[in-house]
Peer 1: 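Just dropping this structure here.
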Amino acid sequence: MKVTAIEELSKSRSKVYIDGEFAFVLYKGELRLYRIKQGEEISDSVYTEILGTVLTKRAKLRAMNLLKSREYTEKQLYNKLKEGFYPEDVIEEALAYVASYHYTDD
């Protein structure tokens, strides 16, 4: 897998494109930590760690934080996480997590 582009989203976050397709958003420090640079290869283990650990944890925390201030339906939470550029499978895992605590019982 090759990092084909890194677009700055804000001062602290960037969109990462792998093999020409949008993959995820990372903070600048995470780009340095995982040594992700445009035009370079990204290993399967790093890709799996980012999706499976970093982004999943962040999406779960984001969903829980949103639910702290008010109630959301699953669809509303889905839309909020989608606006945050989380990958589809990460969103599904975060929604399953909050549903396991019955926070989204409609």
Side-chain angles (χ1 to χ4, degrees):
M1 293 184 287
K2 187 173 188 173
V3 177
T4 51
I6 298 176
E7 284 181 7
E8 191 170 287
L9 189 60
S10 67
K11 282 186 176 184
S12 60
R13 299 184 318 153
S14 296
K15 286 181 167 182
V16 178
Y17 292 82
I18 296 176
D19 297 331
E21 294 189 19
F22 171 73
F24 42 73
V25 172
L26 290 178
Y27 287 97
K28 304 276 170 117
E30 293 166 340
L31 290 173
R32 285 189 301 274
L33 175 69
Y34 293 108
R35 295 180 177 92
I36 297 174
K37 294 183 178 141
Q38 188 169 330
E40 293 188 8
E41 292 290 320
I42 182 171
S43 70
D44 288 337
S45 62
V46 168
Y47 182 78
T48 303
E49 183 176 341
I50 290 169
L51 284 182
T53 306
V54 176
L55 295 178
T56 301
K57 180 179 178 185
R58 187 176 300 149
K60 288 176 183 178
L61 289 172
R62 174 75 174 132
M64 295 294 281
N65 199 28
L66 287 168
L67 289 167
K68 252 198 274 187
S69 58
R70 65 171 221 153
E71 290 184 18
Y72 284 88
T73 64
E74 246 183 77
K75 179 66 175 161
Q76 289 170 324
L77 271 180
Y78 174 87
N79 290 338
K80 284 293 221 180
L81 294 174
K82 195 73 177 160
E83 288 170 14
F85 300 106
Y86 290 99
E88 201 68 35
D89 51 342
V90 171
I91 292 172
E92 294 300 325
E93 196 164 330
L95 292 177
Y97 177 78
V98 295
S100 72
Y101 289 100
H102 305 286
Y103 292 146
T104 54
D105 289 347
D106 295 331

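These numbers were taken from a predicted model, which means no experiment stands behind them.
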Peer 1: Would you say that more than 12 heavy atoms from the other residues, nucleotides or ligands in this model lie under 6.0 Å from the CZ of R35, or not?
Peer 2: no
Peer 1: Do you know the tightest heavy-atom contact between A94 and L81?
Peer 2: CB-CD1, 4.0 Å
Peer 1: CE/M1 to CD1/I42 distance, rounded to the nearest 0.5 angstrom?
Peer 2: 6.0 Å
Peer 1: Tell me whether the count of non-hydrogen atoms from other residues, nucleotides or ligands lying under 6.0 Å of CD in E21 goes above 12.
Peer 2: no
Peer 1: Measure the CD1-OH distance between I6 and Y17 for me, rounded to the nearest 0.5 Å.
Peer 2: 11.5 Å
Peer 1: Can you measure from OH (Y27) to OG (S10) and round to the nearest 0.5 angstrom?
Peer 2: 7.5 Å
Peer 1: Taking it one step at a time, do V25 and S14 satisfy side chain to side chain contact (heavy atoms under 4.5 Å, CB included)?
Peer 2: CA-CA 6 Å; V25 172; S14 296; over 6 Å; no
Peer 1: Is it true that E30 and R58 make a salt bridge, defined as a side-chain N closer than 4.0 Å to a carboxylate O?
Peer 2: yes
Peer 1: Does a side-chain N-to-carboxylate-O contact under 4.0 Å join E8 and K28?
Peer 2: yes
Peer 1: Looking just at side-chain N and O atoms, do E92 and Y78 make a donor-acceptor pair shorter than 3.5 Å?
Peer 2: no
Peer 1: How long is the gap from CZ on F22 to CZ on F85, to the nearest 0.5 Å?
Peer 2: 6.5 Å
Peer 1: Could you tell me which non-hydrogen atom of L26 sits nearest to which non-hydrogen atom of I36, and how far apart they are?
Peer 2: CD1-CD1, 3.6 Å
Peer 1: Measuring from atom NZ of K80 to atom OH of Y86, what distance do you get when rounded to the nearest 0.5 angstrom?
Peer 2: 12.0 Å
Peer 1: Apply side chain to side chain contact (heavy atoms under 4.5 Å, CB included) to residues R70 and Q76 and explain how you reach the verdict.
Peer 2: CA-CA 11 Å; R70 65 171 221 153; Q76 289 170 324; 3.8 Å; yes
Peer 1: Just wondering, are more than 12 heavy atoms of other shown residues or ligands nearer than 6.0 Å to CD in E7?
Peer 2: yes
Peer 1: Should K82 and E88 count as an ion pair when the cut-off is N to O under 4.0 Å?
Peer 2: yes
Peer 1: Are any non-hydrogen side-chain atoms of D19 and K2 less than 4.5 angstrom apart?
Peer 2: yes
